[in-house]
Amino acid sequence: RPGLALCAGCGGRIQDPFLLRVSPDLEWHVACLKCAECGQPLDETCTCFLRDGKAYCKRDYSRLFGIKCAQCRASFSSSDLVMRARDHVYHLECFRCAACGRQLLPGDQFCLRERDLLCRADHGPPHDGPAA
């Protein structure tokens, strides 16, 4: 379809013999498909991610839009093991009691107060008696 397509990057008509198609409806000049954040060319050799009509390299997409650790605020890699507490996600090494620093392990009892994790020893018994 060269000559009929409009480039999603620059808005110009694509007259080139080759174009890059990202998702079913966005087409780009080969030279226009770049990461919106760092400017890295995005071609058939690297993964491209779209958000709000903008293209991103994997690194910048993860940094800008990926889930971040509730403790250290760093992104996760695909190989990271994580711990979850309600809507919060933590690196294993970040899943620690805020009071004593002890690493919390699967099966440990803990309390989550806002963003602070507290081990059983540091959050103590419930305030409203045994039924709370």
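Every value quoted in this text rests on a predicted model; they were computed, and no experiment measured them.
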Contact check, side chains of C38 and R59, non-hydrogen atoms, under 4.5 Å: yes
Got a list of side-chain donor-acceptor pairs under 3.5 Å for residues 83-93, not counting sequence neighbours?
from, atom 1, to, atom 2, distance (Å)
H91, NE2, S75, O, 3.4

Salt bridge flag under 4.0 Å for residues R102 and D108: yes
Side chains of R13 and L6 in contact at under 4.5 Å (non-hydrogen atoms): yes
All salt bridge (Lys or Arg N to Asp or Glu O under 4.0 Å) counterparts of E37, not counting sequence neighbours: R63
Rounded distance (nearest 0.5 Å) linking atom OG of S62 with atom CD1 of I67: 10.5 Å
NZ (K54) with more than 12 external heavy atoms under 6.0 Å: no
Contacts of Y61 that satisfy ring pair (Phe, Tyr, Trp, His ring centres under 6.0 Å) - sequence neighbours left out: F49, F65
L117 and C97, any side-chain heavy atoms less than 4.5 Å apart: no
Path from L26 to V30 over hydrophobic side-chain contacts below 4.5 Å: yes
Pairwise distance CG(L105) to CZ(R96) - rounded to 0.5 angstrom: 9.5 Å
Nearest-0.5 Å distance, CG of residue L81 to OG of residue S79: 8.0 Å
